Each structure stands twice: as structure tokens, then as C-alpha cells.
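Below: one structure, written as C-alpha cells.
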Amino acid sequence: GARKSSNAPPAPGIISGALLRRVTDDVPRIASLAAALPGLRVAVGDDEALFAAAVERLRVASAHFVGKNETAELERGVAKRLVKLACGTLALPFPRAKDGQGVEVDREESDSEAEESDSEADPDDKPPVEDNRGALGNLAGRAAGLALGHAVFSPATRAVARATIAAAKRNLHPSLAELRTDAFDAALAKAQDAAGAASPEPAKGKKGKKASTETTKAEDSAALKEARARSDAAANAVVIGAVAKGIAAGVGAWGEGELTLWALEAWRDGSPGARANLLLAMREAVDMDADGSVRQALWAVLRDSWTEGGAADFSEGAAEENLDEPLTAEVARAIARNNPRVTPPIARAALHRLMQTINGKRSGKKTVGVASSGATAGVLDEAFSRMSIADGAAGKGRFAASFDALLGAVERGGGSSV
């Protein structure tokens, strides 16, 4: 497996501050060129500061994605450069030459791409030759959490999502392991090809029937948008499923307690979109949990976020809830826009799935009961208490299905639901 590296960067260079200001510059072309500057990482000499600058400028860029105006196009170009830097390059150990001085080995793109905005062409997925290819950089975990918020397919973010995935493949963090497989590439390609395959043939209107022709064009456009929406939904499901497999890889891949620590950090540092995707992936991963580590980590996140963006956050205007299929097209668009109202319903869906799977293991399509442990009994007791208080205060019955699932978990574990 990947090994952690203690390869910290040297002391910041004398031009570090000036370079960081360029990375966060309000002018898109300046920020984009700075993020792709050859030798940037070595010149800055402070991975933490460079990562923070990239995250901050990504936040600004993401706020301008929606739309087809020039600003949105340029900001997407900035984001593509920044995710390559933050999710890929900075996830690797700091490059070293034999004399101990930092040296950049990353392949740089042409300056023209800095101004390229939302090209439909996939970025080059082939990682450059790097030192320490079997090692995790000090920021690998944070880079993986950041990638969750930008690997989202929507009309405004498709190109950024592809750039994020290409960058994340270079990160050897266990949560992203599945992204480096041929199966993932094939599944994602199939999902993206769905839009082209479903595109309607241009209809031929009758001569002299201008109104009819315009109506036909509108119908074709609507059909194409619907096909692309289905393609985006399928691509998002592929990404979430891949991350879920990485999360469910077990203690052997993660180490004792490491999944919980990473999940908590990813939640606390994450944007609303990253938090939503984290919950969706962990919700899916509990079905594959072989050693209880996913359940432990998911409950830690749910408990930590309980009233602040979590399951007991009943903010007005929250998205419609669907416990069984929480990733709807509407939810995916809200995730892409970093709408904080999307996370509480997803948290409740994740809580419901946790209650459905605790004290059980999958056997085909059935869940077979296993004896309750002290840890799972403690989770059920605390979950019951928290849901009871929240439902009585403002929940309006939102936890009803989770209460039923909790009672089922008690029975599976050998206890009595009475």
C-alpha cells in the first residue's frame, strides 16, 4: 500500500508571499497562470500555505461557475488549474533532488490552457513521472477531501469535474484508490457517452411551417438537456460509488482509526458540496463494511455535525428528502452550487442507512443479524436519544423511518425492541 512520507518542504522562499498573492488574485488569467507556474511549489516552499491559497481561490471560482458568460468561462479555467495543483500535485511528497534541494518534476500544461474555460475534451489522465510514487504526501488526506467537492458533474462543472478526477488519480489516498482502476474509467466513459447516444436527430420540419420547425427545435433542445442530465446523474453515481469502495477498503488499507480521523477532517474542512458527497459515499460504503470501520466513521461524522448541517439541522428551505435515493438531479445541482441546505436531508438518509445495516452483514440481498457489541449498543443508545430529542423539538416526524430501522438493529443484535 501507499506509505506516508515525512518529506516536508523546505523553508518558504523569499518570493513565497508574492506568489501566493498571485494564486489568489481576483483576475482569473493571473490566478490561472500563477497556479500553473513551473516550479511554483518549490518557489513557495510552504505546501500548507499554497494549499490554503488554492482552496480559497477555488471557493471564489466556484461561486462564478453558473452561467455562460465570459466570467464563468474564465473562472472554470482557473478552477481546472487549481484542482490539478491542490488535488494532485500537493497530494504528493515534496519533490527532492539528490542534493536535498526541492525540484519540480510535474509536467506543466501550455499557457494557452490557462485561458481555456470549459472544454469538453478530457484532460490528460496520464500522470507525470514523479519521485516517491508509492508514498502519500502530507496533504494527501486533505486533497482527497477537497476532490470530493469538485468531482461533481453538472452543466456548469463538467470540465472541472474531469480535471479533478484526473488530478485525484495521482493521489494515493485510500479513499481514491478505485479512481485509478480500469473499471472506473470504463464506467465513467459509459456514463458520459450516454448523453451523446441519446441525442435526438434533428427533425425536418415541413416547408412553410416556421412555427412547427421552431417547436421541433425546442423539443430537440429539451431532449438533449434531459439526456445530458441523465448522463451527469450517472457520472455522479459512478464517482460516489468509486469513493465508497475506497472508504470500505477496511483497516488493512486505512490503518486503525484512520478512516474516522479522515472523515471528520473532510467534513470540518469541506464545502457544502464536499460534505454532501462525503455523506453520500459513506452511506453507500456501509453496505460494504466488513469490519465496522465505516459505521464507526459515519456515526462520528453524524454526531459531530448533528445540528450544524447534519441530521438534526431543520433549516428552512431544505431540499426534498428521499431516504432511499438521496442523489436526485435536483440534489446534484445543489451540490454543484455548494448549497448548504442540501446536506441535512442527505445526513438523515445516511443515518437511516446506518440504522438499517448496524448489527448486520450482507448475505446476497439479505441482511443477516450479528450479535451486538458494546460499541454498536452505545451507538444505538445515543442515536435513539439524539433522534428523540430532535424529533420532539422540530423534527416533525423526519426520524420515523430511522426509529423503525433502529428497532430492527436492536432485534438483529439479539436485544428486544419492546
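What you see is a predicted model, and the numbers here were worked out from it, not measured in a lab.
Side-chain atoms of Arg158 and Gln192, non-hydrogen and from C-beta on, never get closer than 4.5 Å to each other.
Qualifying side chain to side chain donor-acceptor pair (under 3.5 Å) partners for Asp381, counting only residues two or more places apart in sequence or in other chains: none. With sequence neighbours left out, the side chain to side chain donor-acceptor pair (under 3.5 Å) criterion links Arg333 to no other residue. Residues that satisfy the salt bridge (Lys or Arg N to Asp or Glu O under 4.0 Å) test with Glu308, not counting sequence neighbours, are absent from this structure. Scanning for salt bridge (Lys or Arg N to Asp or Glu O under 4.0 Å) contacts around Arg337 gives an empty result, with sequence neighbours left out. With sequence neighbours excluded, the residues that form a side chain to side chain donor-acceptor pair (under 3.5 Å) with Ser271 are Asn338. Residues that satisfy the side-chain contact (heavy atoms from CB on, under 4.5 Å) test with Asn69, not counting sequence neighbours, are Thr71, Ala72. Contacts of Phe384 classified as ring-ring contact (aromatic ring centres under 6.0 Å, His included), with partners at least two apart in sequence or in another chain: Phe403. By the salt bridge (Lys or Arg N to Asp or Glu O under 4.0 Å) test, Glu265 pairs with no residue at all, sequence neighbours left out. For Asp304, the salt bridge (Lys or Arg N to Asp or Glu O under 4.0 Å) test picks out Arg268, with sequence neighbours left out.
Sequence neighbours left out, not one pair with a member in residues 278-297 passes ring-ring contact (aromatic ring centres under 6.0 Å, His included). Pairs of residues two or more places apart, or lying in two chains, that qualify as ring-ring contact (aromatic ring centres under 6.0 Å, His included) and include a residue from residues 230-263 are His173-Trp254, His173-Trp262, Trp254-Trp262.
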Which donor-acceptor pairs under 3.5 Å do side chains of residues 272-284 form with protein atoms, sequence neighbours excluded?
unit_1	atom_1	unit_2	atom_2	d
Arg275	NE	Trp267	O	2.6
Arg275	NE	Gly270	O	3.4
Arg275	NH2	Trp267	O	3.2
Asn277	ND2	Leu148	O	2.7
Arg283	NH2	Leu323	O	3.0
Arg283	NH2	Asp324	O	3.0

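A salt bridge links Asp287 and Arg353; the closest N-O separation between the charged side-chain nitrogens and carboxylate oxygens is under 4.0 Å.
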